[in-house]
Amino acid sequence: MSTTRVRFAPSPTGEMHIGNARTALYNWMFARHEGGAFILRIEDTDRARHDEAAVQVVVDSLQWLGMDWDEGPFFQSERLALYNEKVEALLAEDKAYVDEDPERGACVRLRVPPGISHFDDIVLGSTRVDRAEINDFVIRKADGFPAYNFACVVDDVDMKISHVIRGVGHTKNTHTQLVVYEALGAPIPRFAHMPLILGTDGKPYSKRHGSVSVLDFSKEGYLRQGLANFIALLGWAPGNDEEILPMEEMIRRFDLSDIKKSDAQLNPEKLDWMNGKYIRSLSVPELIEELTPFLSEAGYAVDRYPQAWLEQVVALYQENLKRLAEFPDKAVYFLTEGVVYEEKAVKKVLQKEGTKALLEKIVAALENTSEFTHATLEALLGKIAETESIGFGKIAQPIRVAITGGTVSPGIYDTMLVLGREVVLERLKKAIAMTTEINGTS
RNA sequence: GUCCCCAUCGUCUAGCCUGGCCUAGGACACCGCCCUUUCAAGGCGACGACGCGGGUUCAAAUCCCGCUGGGGACGCCA
């Protein structure tokens with residue numbers, strides 16, 4: 001059994017930032033790669049920030065991305081006895097002392113011995129800091145709660161963490177925490193600090209760049225596999241040119257030493273591209289399942305449509321989607337009874353000289369056949385194109401606008417077939433009537 | 001301000017540790033072409049980078065130094 005033990009230890013802030021998600025993912029992938037344990041620990045030692053719902057966000061985010069944990073979640077707020085025991089021991093050994101503040105009360109500080117602090121980071125390499133820069137720091141706050149740098153180490157020791165994988169903002173903390181390991185006489189784990197994720201302006205990725213939290217990306221219609229693959233590749237590459245990597249593959253190839261030292265900008269276009277790749281890799285039933293919440297959100301109850309028919313519609317859009325959330329709007333003329341005509345499309349296509357007559361011929365031809373298949377439609381429309389001696393585009397576009405309301409849709413045969421003979425005829429007639437009106441008033 | 005870190009196409013990156021195979025490879029985006037009934041998807045192609053200056057060396061994207069630029073950390077927050 002592997003002795004590799006890692007942990008993800010967020011403070012419950014109410015949202016899981018994309019950068020934190022990547023840190024969690026790297027921890028998790030590393031644990032799975034090594035056959036070790038992934039532990040979830042909630043660092044809720046700040047009373048003012050305590051929030052139950054915020055913990056749920058962490059859990060939901062992790063689960064949504066497909067991460068599971070072997071131990072926890074542990075809550076630091078429930079482990080005060082352990083921290084106090086350690087504080088008292090340090091006090092007894094005179095490695096720590098009480099610092100009285102007339103206003104805030106008494107806290108406990110750890111004595112920082114002089115010297116040069118040094119450790120080898122798996123990502124950053126050798127790092128060193130003069131301890132003269134580290135003041136005796138607080139390990140127990142006046143409110144009785146442990147301070148971050150203390151609770152973190154006590155827990156990492158207690159939980160036998162072998163590798164501490166966290167954001168680059170913690171490198172100085174690591175030097176501070178090394179003092180605690182020393183005072184405790186505890187073995188020191190390996191450290192790996194992750195670079196930052198930046199926005200397109202090169203500043204740390206934040207709300208003004210777009211979605212920041214994992215759950216926000218989910219709401220926008222990114223697939224868990226797509227987002228996970230994308231953020232994993234922000235700062236890590238498996239060493240060859242492959243980019244679409246299913247989770248199992250990423251786990252197999254993951255290596256902490258392949259993580260880049262420099263910060264990475266999040267490129268939204270590439271995320272969309274990658275998400276589209278994953279959408280296309282799904283089976284139609286799987287895609288429907290992913291689409292269901294978005295359909296409901298838009299007011300379309302999925303069970304309102306025959307499953308087989310819905311599969312046809314979804315199949316038509318699978319090649320077109322970048323984000324799941326785009327679907328309801330794009331497929332609106334399949335999902336609702338009526339058609340909403342875009343003014344521009346009507347003006348550009350339907351109001352053309354001869355279009356009305358053309359549509360009437362199409363209606364007549366369709367009414368003459370009871371068969372409504374790809375073959376018959378192709379023969380029928382092809383014949384009209386031929387007798388009218390016009391390109392097929394000249395005939396497909398008016399139909400498209402008439403039955404969808406716009407100039408963009410899946411293939412015209414497929415669109416007609418899935419819409420069905422009745423609906424197609426009804427919409428064509430409606431368009432003809434409308435065209436008459438427009439012509440009449442102009 | 002003090003300390004620390006980083007630096008290859010616009011962006012994500014391969015290559016750097018173990019100099020030569022790099023006239024620097026791939027991907028996204030952009031542009032063009034093909035496919036084509038629209039939009040996509042797909043295929044093909046074009047554009048596009050080793051931040052600058054010194055070294056070391058027969059040879060540097062790769063090693064060293066400086067500069068410039070960018071970023072981070074400096075709480076009884078985590």
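Note that these values count all heavy atoms, side chains included, but never hydrogens, waters or copies made by symmetry. Proteins get letters first, then strands, A, B, ... in listed order; numbering begins at 1 in each.
- Pair assignment for B/G51: B/C67, on the basis of Watson-Crick or G-U wobble contacts that are both within less than 3.5 Å.
- Counting heavy atoms from C-beta outward, A/Phe327 and A/Phe294 have side chains that stay 4.5 Å or more apart.
- Summarising the geometry, the separation between CZ on A/Phe119 and P on B/C4 is reported as 13 Å, rounded to the nearest angstrom.
- Atoms NZ (A/Lys330) and C1' (B/C39) sit 7 Å apart, rounded to a whole Å.
- The nucleotide whose nearest atom lies closest to any side-chain atom of A/Asn267 is, among B/C28, B/C12, B/A41, B/C28.
- Contacts of A/Glu343 classified as salt bridge (charged side-chain N to carboxylate O under 4.0 Å, His left out), with partners at least two apart in sequence or in another chain: A/Lys347.
- A/Lys348 is linked by a salt bridge (charged side-chain N to carboxylate O under 4.0 Å, His left out) to nothing, counting only residues two or more places apart in sequence or in another chain.
- Computed from coordinates, the A/Met274 CE to B/A41 P distance equals 15 Å when rounded to whole Å.
- When Watson-Crick and G-U wobble pairs are counted only if both distances are under 3.5 Å, B/G42 pairs with B/C34.
- Relative to the side chain of A/Tyr148, the nucleotides B/C28, B/A40, B/A78 differ in distance, and B/A78 lies closest.
- Shortest non-hydrogen contact noted between A/Phe372 and A/Gly420 is CE2-C, 3.7 Å.
- Straight-line distance between the C1' atoms of B/A61 and B/C17: roughly 14 Å, to the nearest whole Å.
- Residues A/Ile165 and A/Met194 have side chains in contact (heavy-atom distance under 4.5 Å, counting atoms from C-beta outward).
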Taking it one step at a time, do A/Arg79 and A/Asp158 satisfy side chain to side chain contact (heavy atoms under 4.5 Å, CB included)?
-> CA-CA 11 Å; A/Arg79 297 164 60 83; A/Asp158 185 60; 2.8 Å; yes
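- Between the CZ atom of A/Phe327 and the C1' atom of B/C39 there is a distance of 15 Å, rounded to whole Å.
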Less than 3.5 Å apart, which donor and acceptor atoms pair up between the side chains of residues 224-238 of chain A and the rest of the protein, not counting sequence neighbours?
unit_1: A/Asn229; atom_1: OD1; unit_2: A/Leu245; atom_2: N; d: 2.8
unit_1: A/Asn229; atom_1: OD1; unit_2: A/Tyr278; atom_2: OH; d: 2.4
unit_1: A/Asn229; atom_1: ND2; unit_2: A/Glu243; atom_2: O; d: 3.0

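- Checking A/Thr174 against A/Gln177 by side-chain atom types alone, no donor-acceptor pair falls below 3.5 Å.
- What separates CE of A/Met194 from P of B/C5 is a distance of 17 Å, to the nearest Å.
- Within 4.0 Å (heavy atoms only), A/Glu243 reaches at least one base atom of the nucleic acid.
- Annotation: A/His374 is in aromatic contact with A/Tyr413 [ring centroid separation under 6.0 Å].
- Near RNA chain B, meaning a heavy atom under 4.0 Å from it, residues 132-141 of chain A has A/Glu133, A/Val138, A/Lys141 in order of number.
- Rounded to whole angstrom, the span from the CE atom of A/Met250 across to the P atom of B/C12 amounts to 19 Å.
- Within the 4.5 Å cutoff, the side chain of A/Leu40 has no heavy atoms near those of the A/Phe74 side chain.
- Atoms CE and NE2, from A/Met250 and A/His33 in turn, are 13.5 Å apart once rounded to the nearest 0.5 Å.
- Of the candidate nucleotides B/C39, B/A14, B/A29, B/A29 has the atom lying nearest to any side-chain atom of A/Trp273.
- In this structure, the separation between CZ on A/Phe8 and CG on A/Asn20 is 4.5 Å, given to the nearest 0.5 Å.
- Side-chain contact between A/Cys152 and A/Arg7 is present, with at least one heavy-atom pair separated by less than 4.5 Å.
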Any protein N or O atoms within reach of nucleotides 17-25 of chain B? Criterion: under 3.5 Å, listing atom names and distances.
unit_1: B/G25; atom_1: N2; unit_2: A/Asp241; atom_2: OD1; d: 3.1

Atom pairs under 3.5 Å: protein N/O with N/O of nucleotides 66-73 of chain B:
unit_1: B/G71; atom_1: OP1; unit_2: A/Lys203; atom_2: NZ; d: 2.5
unit_1: B/G71; atom_1: O2'; unit_2: A/Asp263; atom_2: OD2; d: 3.4

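- Residues from residues 96-114 of chain A that place a heavy atom under 4.0 Å from any atom of RNA chain B, listed by number: A/Asp101, A/Arg104, A/Gly105, A/Cys107, A/Arg109.
- Set against B/A14, B/A40, B/A41, the side chain of A/Lys260 has B/A14 as its closest nucleotide.
- Outside the 6.0 Å centre-distance limit, the rings of A/Phe145 and A/Tyr83 are not counted as a close aromatic pair.
- In this structure, A/Ala142 reaches the bases: a heavy-atom distance under 4.0 Å links it to at least one base atom across the strands shown.
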Table of protein N/O atoms under 3.5 Å from nucleotides 32-38 of chain B N/O atoms:
unit_1: B/U37; atom_1: O2'; unit_2: A/Arg400; atom_2: NH2; d: 3.4
unit_1: B/U37; atom_1: O2; unit_2: A/Arg400; atom_2: NH2; d: 2.5
unit_1: B/U37; atom_1: N3; unit_2: A/Ile412; atom_2: N; d: 3.3
unit_1: B/U38; atom_1: O4'; unit_2: A/Gln397; atom_2: OE1; d: 3.4
unit_1: B/U38; atom_1: O2'; unit_2: A/Thr407; atom_2: O; d: 3.0
unit_1: B/U38; atom_1: N1; unit_2: A/Arg400; atom_2: NH2; d: 3.3
unit_1: B/U38; atom_1: O2; unit_2: A/Ser409; atom_2: N; d: 2.9
unit_1: B/U38; atom_1: O2; unit_2: A/Ser409; atom_2: O; d: 2.9
unit_1: B/U38; atom_1: N3; unit_2: A/Arg400; atom_2: NH1; d: 3.3
unit_1: B/U38; atom_1: N3; unit_2: A/Ser409; atom_2: O; d: 2.4
unit_1: B/U38; atom_1: O4; unit_2: A/Gly411; atom_2: N; d: 3.1

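- Look at CG on A/Leu245: it is 18 Å from P on B/G26, rounded to the nearest Å.
- As the counterpart of B/C3, B/G72 is assigned, both hydrogen-bonding distances of the Watson-Crick or G-U wobble pattern falling under 3.5 Å.
- The residue among A/Glu43 and A/Gly239 whose nearest nucleotide of RNA chain B lies closer to the 5′ end is A/Gly239.
- Partners of A/Asp121 under the salt bridge (charged side-chain N to carboxylate O under 4.0 Å, His left out) rule, at least two apart in sequence or in another chain, do not exist in this structure.
- Using a 4.5 Å heavy-atom cutoff, the side chains of A/Gln397 and A/Phe392 are not in contact.
- Taking atom C1' on both B/A49 and B/C44, the two are 24 Å apart, rounded to the nearest angstrom.
- No side-chain donor from either of A/Asp46 and A/Tyr148 sits under 3.5 Å from a side-chain acceptor of the other.
- For A/Lys261 and B/C5, the shortest distance from a side-chain N or O to OP1 or OP2 is not below 4.0 Å.
- A search for salt bridge (charged side-chain N to carboxylate O under 4.0 Å, His left out) contacts involving A/Glu426 returns nothing, not counting sequence neighbours.
- Residues forming a side chain to side chain contact (heavy atoms under 4.5 Å, CB included) with A/Glu319 (at least two apart in sequence, or on another chain): A/Arg280.
- Rounded to whole Å, atom C1' of B/A41 lies 14 Å from atom CD of A/Glu326.
- Contacts with RNA chain B (heavy atom under 4.0 Å) in residues 79-91 of chain A: none are found.
- Proximity of A/Thr45 to the phosphate of B/A78: a side-chain N or O atom is located under 4.0 Å from OP1 or OP2.
- Residue A/Lys330 places its NZ atom among more than 12 non-hydrogen atoms of other residues, nucleotides or ligands, all under 6.0 Å distant.
- Among the protein residues, A/Lys277 comes within range of the sugar-phosphate backbone only, with heavy atoms under 4.0 Å from sugar or phosphate atoms but none that close to a base.
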